[in-house]
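Accompanying notes for the structure given below.
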Amino acid sequence: MLECAIPEHLRRERTCSVSTPLNYQPPFPGYCARFPTQMKNLVMGIIGAQYDPPSNRYKSSIHVIGTFMTSAPKEVQPSFSEVISVTDKRGAYNIAVLAYWPSTSAYESWEVESRFKRWWQSPEREADGHGWFQEILRPTVDRFETVFSNNENPEGAANMQEIISGEMQEHAYWGSMRDRLAAAQDDRLEGEKCHAANGVPVNGLEGIASKRIHVPGMKNLCVIRSGQDWSDTLPAERKLYLETMHPVLIEGMNFLRDEGREIGCYANNLWDVVDSKTQEASLERTFGLGFFDDLKSLECWSKSHQTHINIFGGFLTYAKKLNNVLSLRLFHEIYVLESDQQHFEYIGCHDETGMLNVLQRT
Ligand code: HEM
């Protein structure tokens with residue numbers, strides 16, 4: 001018996017119909033996280049440093065952020081965190097802690113009790129000689145969904161789950177992402193359309209170098225974190241992944257990063273998860289992190305843009321070759337946020353960093 005992705009306590013009368021085909025049986029299993037019913041919201045934060053040009057001084061910055069995570073009282077520490085990195089399109093090296101809290105109040109207590117907030121707000125950060133950034137997402141649980149191909153290795157927010165679902169119905173057809181979002185039962189979740197020519201005007205973006213910039217939240221901003229983990233693959237599958245899937249994934253991610261604006265994607269990067277022992281990218285776990293003006297724009301790209309068609313089609317061939325017995329693990333998280341559920345702040349970062357892309361160059 002297939003489970004419904006939306007848990008019972010978040011179900012309400014639909015005014016927006018589902019896209020699930022009649023008598024639908026998914027071609028492969030998919031699972032979602034079941035959070036405690038009393039959980040009302042969650043927080044995902046990416047807090048990091050930018051080095052442009054790259055420098056190995058990043059190790060001390062990531063140590064500082066990591067210490068804020070671990071030195072706070074246990075009750076307010078993140079439920080889960082790991083280190084991630086990416087060299088972006090400008091060639092700048094970005095390294096960050098990706099962390100999750102089970103409520104906005106836990107996150108706010110952490111900010112104060114770890115003394116992170118005081119440290120972050122100090123004018124000294126503007127004189128540190130490199131960039132800092134924080135991208136904080138605080139969705140109510142009905143504005144978040146996560147799905148994964150494997151029910152044994154929780155990723156990201158799923159580390160806060162009470163249980164994992166049984167095999168669920170709403171996946172592997174176009175529109176299933178929307179069907180899994182509780183808030184989309186009676187809301188089209190329309191965002192603010194972004195066009196290449198418009199954005200939030202900010203004077204004097206030139207000379208951004210030492211500035212602290214807060215990017216205002218946008219109505220129904222849609223964020224995807226879509227991950228790939230091939231660390232448990234055996235040599236034959238690993239070879240197949242690296243030769244057939246990884247190249248098309250990079251093409252898709254580069255399209256969104258470099259030309260995404262025309263289809264509603266403000267910013268995108270393919271991040272590596274960093275090995276906590278070596279402090280180097282492990283190169284066996286990656287995730288695309290994309291910011292879209294509207295859930296619809298993300299749907300359109302995934303369903304109809306050649307780059308995701310190649311990824312999706314490549315995956316079906318890949319799975320067939322392996323008779324559907326895969327060690328590759330895939331997951332994604334979707335956030336559709338109210339304006340006040342976002343906090344984006346950048347200090348001394350180049351002007352194409354993350355949501356700084358939303359700002360209109362003057
Ligand atoms: C959906 C494959 C990477 C965006 C899917 C589905 C598959 C797939 C099989 C249908 C999944 C389901 O509902 O069960 C892959 C593979 C990837 C990959 C093999 C990497 C190796 C990405 C990335 C993004 C992305 C990096 C965006 C940053 C989407 C979206 C959907 C989707 C938005 C949902 C569409 C909908 O339900 O309407 N992908 N994908 N994918 N993928 Fe990918």
Side-chain angles (χ1 to χ4, degrees), residues 2-3 5 16 18-21 24-32 86 145-151 155-156 165 167-181 184 189 222-231 233 237-238 240-258 260 263-273 284-322 324 326-336:
L2 293 167
E3 289 188 19
C16 306
V18 288
S19 308
T20 325
Y24 179 68
Q25 286 291 329
F28 47 86
Y31 308 88
C32 62
V86 66
E145 69 96 1
T146 180
V147 54
F148 23 88
S149 63
N150 175 284
N151 59 0
E155 284 273 0
S165 74
E167 284 188 32
M168 53 138 188
Q169 182 163 47
E170 298 87 357
H171 77 103
Y173 61 87
W174 303 122
S176 62
M177 164 174 66
R178 189 181 285 272
D179 290 350
R180 292 187 295 267
L181 269 170
L189 299 173
C222 171
V223 182
I224 180 166
R225 189 167 96 81
S226 173
Q228 308 77 37
D229 175 353
W230 64 101
S231 59
T233 54
E237 183 176 351
R238 178 172 306 228
L240 192 63
Y241 179 77
L242 292 173
E243 288 178 1
T244 64
M245 290 307 309
H246 201 60
V248 286
L249 173 64
I250 289 178
E251 242 172 71
M253 295 299 94
N254 286 353
F255 166 78
L256 289 178
R257 184 190 67 184
D258 300 336
I263 55 104
C265 177
Y266 290 120
N268 188 76
N269 270 307
L270 183 62
W271 291 77
D272 290 302
V273 177
E284 291 181 335
R285 287 173 68 212
T286 52
F287 64 89
L289 179 71
F291 298 85
F292 287 74
D293 60 356
D294 194 309
L295 179 63
K296 184 107 209 119
S297 302
L298 174 59
E299 287 175 321
C300 286
W301 173 75
S302 62
K303 180 181 174 178
S304 52
H305 196 270
Q306 197 56 46
T307 52
H308 190 265
I309 292 176
N310 292 346
I311 296 172
F312 185 82
F315 177 69
L316 298 184
T317 313
Y318 176 90
K320 204 167 164 200
K321 277 197 181 139
L322 297 164
N324 282 330
L326 312 184
S327 299
L328 169 69
R329 292 189 282 264
L330 301 171
F331 77 97
H332 82 204
E333 295 177 343
I334 303 291
Y335 304 76
V336 181

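Note that ligands are numbered from 1 as they come in the structure, with each ligand's atoms numbered from 1 the same way. Quick caveat: nothing in here was measured; it's all calculated off a predicted structure.
Residue Leu298 has at least one heavy-atom neighbour below 4.0 Å for each of these atoms of ligand 1: 33 (C). Shown in contact with Leu249 at under 4.0 Å from a heavy atom are these atoms of ligand 1, numbered in order with element: 20 (C), 26 (C). Each of the following atoms of ligand 1 lies closer than 4.0 Å to a heavy atom of Phe315: 9 (C), 19 (C). The contact set between ligand 1 and Met245, taken as ligand atoms under 4.0 Å from a residue heavy atom, comprises 19 (C), 21 (C). Interface atoms of ligand 1 facing Leu330, defined by a heavy-atom separation under 4.0 Å, are 19 (C). If you number the atoms of ligand 1 from 1 as listed, the ones under 4.0 Å from a heavy atom of Trp174 come out as 35 (C), 38 (O).
Of all N/O/S atoms in His308, NE2 sits nearest atom 43 (Fe) of ligand 1.
Pairing each heavy atom of Pro29 with each of Glu167, the nearest pair is CB-CD, 3.5 Å.
Using cut-offs of 30° and 60° for the angle between ring planes, the His246 and Trp230 rings count as tilted. Under the 30°/60° scheme for interplanar angles, the aromatic rings of Tyr173 and Tyr24 are found to stand perpendicular.
In this structure the side chain of Asn268 never reaches within 4.5 angstrom of the side chain of Phe255, judged on heavy atoms. Between Leu2 and Gln25, the closest side-chain pair of non-hydrogen atoms falls below 4.5 Å. Between Leu326 and Phe28 there is no side-chain heavy-atom pair separated by less than 4.5 Å.
Here the heavy atom of the protein found nearest to atom 30 (C) of ligand 1 is Ser302 CB, 3.6 Å. Counting only heavy atoms of the protein, atom 21 (C) of ligand 1 lies nearest to Gln228 CG, 3.7 Å. If you check which protein heavy atom lies closest to atom 15 (C) of ligand 1, you get Ile311 CG2, 3.6 Å. Taking atom 13 (O) of ligand 1 as the reference point, the nearest protein heavy-atom neighbour is Ala172 N, 2.5 Å. When only non-hydrogen protein atoms are considered, atom 38 (O) of ligand 1 lies nearest to Gly175 N, 2.8 Å. Scanning the protein for heavy atoms near atom 7 (C) of ligand 1, the closest one is Phe312 CD1, 3.4 Å. The nearest heavy-atom contact from the protein to atom 22 (C) of ligand 1 is Ser226 OG, 3.2 Å.
Residue contacts with ligand 1 for Met177 involve both N, CA, C or O and side-chain atoms from C-beta outward (heavy atoms, distance under 4.0 Å). When non-hydrogen atoms are compared, ligand 1 lies under 4.0 Å from neither the backbone nor the side chain of Leu316.
Residue contacts with ligand 1 include Trp301, since one or more of its heavy atoms lies under 4.0 Å from the ligand. The shortest separation from a heavy atom of Gly290 to ligand 1 is not under 4.0 Å, leaving the residue out of contact. The shortest separation from a heavy atom of Arg178 to ligand 1 is not under 4.0 Å, leaving the residue out of contact. Residue contact annotation: Tyr173 has a non-hydrogen atom under 4.0 Å from ligand 1.
Gln228 and Thr286 are linked by a side-chain donor-acceptor pair at a separation below 3.5 angstrom, with hydrogens and angles left out of the test. A side-chain N or O of Tyr318 and one of Glu237 form a donor-acceptor pair less than 3.5 Å apart.
Centroid-to-centroid, the aromatic rings of His171 and Tyr31 stay 6.0 Å apart or farther.
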Can Ile334 and Leu298 be said to form a side-chain contact (heavy atoms from CB on, under 4.5 Å), step by step?
CA-CA 10 Å; Ile334 303 291; Leu298 174 59; 4.0 Å; yes
Test side-chain contact (heavy atoms from CB on, under 4.5 Å) on Leu256 and Ile263; report intermediate values, then the result.
CA-CA 8 Å; Leu256 289 178; Ile263 55 104; 3.7 Å; yes
I'd like to know whether Arg225 forms a side-chain contact (heavy atoms from CB on, under 4.5 Å) with Thr146, so could you lay out the CA-CA distance, the side-chain angles of the two residues, the decisive distance to 0.1 Å, and finally the verdict.
CA-CA 9 Å; Arg225 189 167 96 81; Thr146 180; over 6 Å; no
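Considering both main-chain and side-chain atoms, Ser176 comes within under 3.5 Å of ligand 1 through a nitrogen or oxygen pair.
A salt bridge does not link Arg329 to Glu155: none of the charged nitrogens lies less than 4.0 Å from a carboxylate oxygen.
Comparing His171, Met253, Arg225 by heavy-atom distance to atom 14 (O) of ligand 1, the nearest is His171.
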